Novice: 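I have a structure here, written as structure tokens, and I will follow up with some questions on it.
Here the structure is a predicted model, which means the values were calculated and not measured.
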Amino acid sequence: MAKIIVLTSGKGGVGKTTSAAAIAAGLALRGKRTVVIDFDVGLRNLDLIMGCERRVVFDFINVINGDAKLNQALIKDKRNDNLYIFPTSQTRDKEALKREGVERVLDELKENFDYIVCDSPAGIEHGAITALYFADSAVIVTNPEVSSVRDSDRIIGILASKSRRAEHNLEPVDVHLLLTRYSLERVKRGEMLSIEDVKEILSIPLLGVIPESESVLRASNTGTPIVFDQESPAGRAYHDAVARFLGEQREMRFVKPERRGFFRTLLGRA
Amino acid sequence: MAGNLVQGAVFTVMVVRAGMLRDPSFEFELAQQVQRSPRFFLNAPVVLDLREVAEFTGREEFAEAREILRRHTLTLIGVQNAQPAQLDAAAAAGLASFAPNATQLSRPRSVDPGATAAAAPQAAPPSTAKSRLVTQPVRSGTQIYARGGDLVVTAAVSPGAEIMADGNIHVYGALRGRALAGASGDAEARIFCSRLEAELVSIAGHYLVSDQLPPEQRGLPVQIALVDDRLTIERN
């Protein structure tokens with residue numbers, strides 16, 4: 001039975017789309033049939049981040065309204081056969097997301113995929129609520145700074161009360177914390193909250209810590225999900241996060257100061 | 001199965017002596033009481049005590065009584081100590097019949113309008129109501145109101161969350177949001193928490209914001225009470 005995962009945060013600009021792309025691609029690389037859906041109607045970005053913006057014909061809203069079939073709108077990723085992208089409309093807005101239509105589409109997707117990754121818009125209104133409503137799991141994307149943590153707390157509360165599982169008294173949505181744009185230097189300088197601070201305030205299990213990395217900007221500029229970049233620490237951290245999501249144990253990397261080798265110390269003038 | 005359809009319950013209900021309703025000084029006192037704790041008295045149920053009262057043998061009198069109480073946001077639901085004729089009229093007016101309440105305080109039996117001291121209705125004491133228990137973190141943006149009783153939270157209260165109780169508030173965790181105890185005016189209510197990091201604390205409407213909390217007590221287990229109209233904060 002397919003699992004629906006929502007990437008949500010409350011706060012904007014923390015890395016939901018980057019993470020949705022990375023996690024979906026990461027799952028596909030692990031052999032899971034995965035589709036990633038853009039719920040940010042009117043402000044779509046997922047197609048850009050996935051590099052398929054020049055192949056969009058029909059979108060999520062077209063399918064909800066019955067103007068197109070699912071297979072006409074789904075875009076197969078060129079890098080991996082298991083990965084599909086479902087872009088949304090740029091010309092409409094979030095009012096076009098009708099809950100019954102979304103449910104119908106998700107039910108149809110469930111027959112063909114192992115994982116359905118939903119990239120939520122920012123905020124706590126209709127668009128964000130619709131994106132999280134049908135979720136089985138939620139990844140709360142948070143930057144280690146106070147506004148982001150406050151908004152993440154809010155969205156966790158909303159998941160506990162306004163999701164379908166909450167409304168029908170089913171097993172609650174399985175929430176995970178993904179700390180993004182983490183910089184150990186800034187934590188040391190007291191500019192950013194530490195991992196322990198965030199864990200203490202939010203009290204949800206930590207899925208992963210993604211270090212701040214220039215490679216992320218390069219990846220979005222080239223429309224390549226970061227996990228396809230073998231060198232990038234952020235990419236590797238996303239792979240670890242996907243592994244943990246699938247139940248494997250992985251140590252947290254990129255969160256401790258790196259041990260500089262003897263020669264690097266000599267030559268690098270610490 | 002049928003046994004589960006109807007369950008017994010115990011309620012505390014205000015009793016008003018029927019004779020008092022005609023007394024203008026009674027109405028004045030009642031209005032004052034209600035004004036002090038409007039939330040507590042809003043739609044509160046009232047039983048009319050007909051002991052030693054000769055009138056109220058016609059349903060119009062009950063309709064009138066209902067109207068008088070409604071003016072003070074109270075809802076007349078029944079009668080007590082009624083004579084058979086009064087019972088009939090009460091039933092016709094849609095009122096229930098309650099058994100005589102043994103726990104009433106003894107009061108002067110006369111319906112003398114001059115007895116203003118006994119005019120105030122007996123209010124249901126909030127402390128006998130059940131406590132409400134919350135075991136999950138109270139997330140930002142959440143509001144919880146423990147009506148008529150205490151609130152106990154065994155997790156943290158996030159900034160941006162609001163917890164309120166007519167009685168006491170106990171937080172066995174960090175209190176980082178707003179806590180309002182004695183929300184309907186009970187000045188005896190207290191706030192207890194394991195870590196004081198609140199945005200705002202209030203008892204019966206008297207409040208302090210985060211900035212006004214003594215810095216040396218931040219992050220500590222404290223007990224907050226209202227003494228002489230001022231909030232006091234003590235180490236627990």
Novice: Quick one: does A/Asp38's side chain have a donor or acceptor within less than 3.5 Å of a partner on A/Asn45's backbone?
Specialist: yes

Novice: Using 4.0 Å as the upper bound for N to carboxylate O, is an ion pair formed by B/Arg17 and B/Asp49?
Specialist: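 No, B/Asp49 and B/Arg17 are not salt-bridged.
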
Novice: Under 4.0 Å between a side-chain nitrogen and a carboxylate oxygen: does that hold for A/Glu167 and A/Arg164?
Specialist: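 No, no charged N to carboxylate O under 4.0 Å.
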
Novice: Under a 4.0 Å N-O cut-off, is there an ion pair linking A/Glu212 with A/Arg186?
Specialist: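 Here A/Glu212 does not pair with A/Arg186 in a salt bridge, since their nearest N and O are not under 4.0 Å apart.
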
Novice: Kindly compute the distance separating CG (A/Leu177) from OG1 (A/Thr142), expressed to the nearest 0.5 Å.
Specialist: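 Going from the CG atom of A/Leu177 to the OG1 atom of A/Thr142 covers 5.0 Å.
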
Novice: Flag the one option from B/Gly141, B/Ala161, B/Ala155 with the top tally of heavy-atom pairs under 4.5 Å to chain A.
Specialist: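 Most heavy-atom pairs within the cutoff with chain A belong to B/Gly141.
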
Novice: Tell me whether A/Ser220 contacts the main-chain N or O of A/Ile49 through its side chain, where contact means a donor paired with an acceptor under 3.5 Å.
Specialist: no

Novice: Suppose a student defines contact as a heavy atom less than 4.5 Å from any heavy atom of chain A. Which residues in residues 190-212 of chain B would they list?
Specialist: B/Arg195, B/Glu199

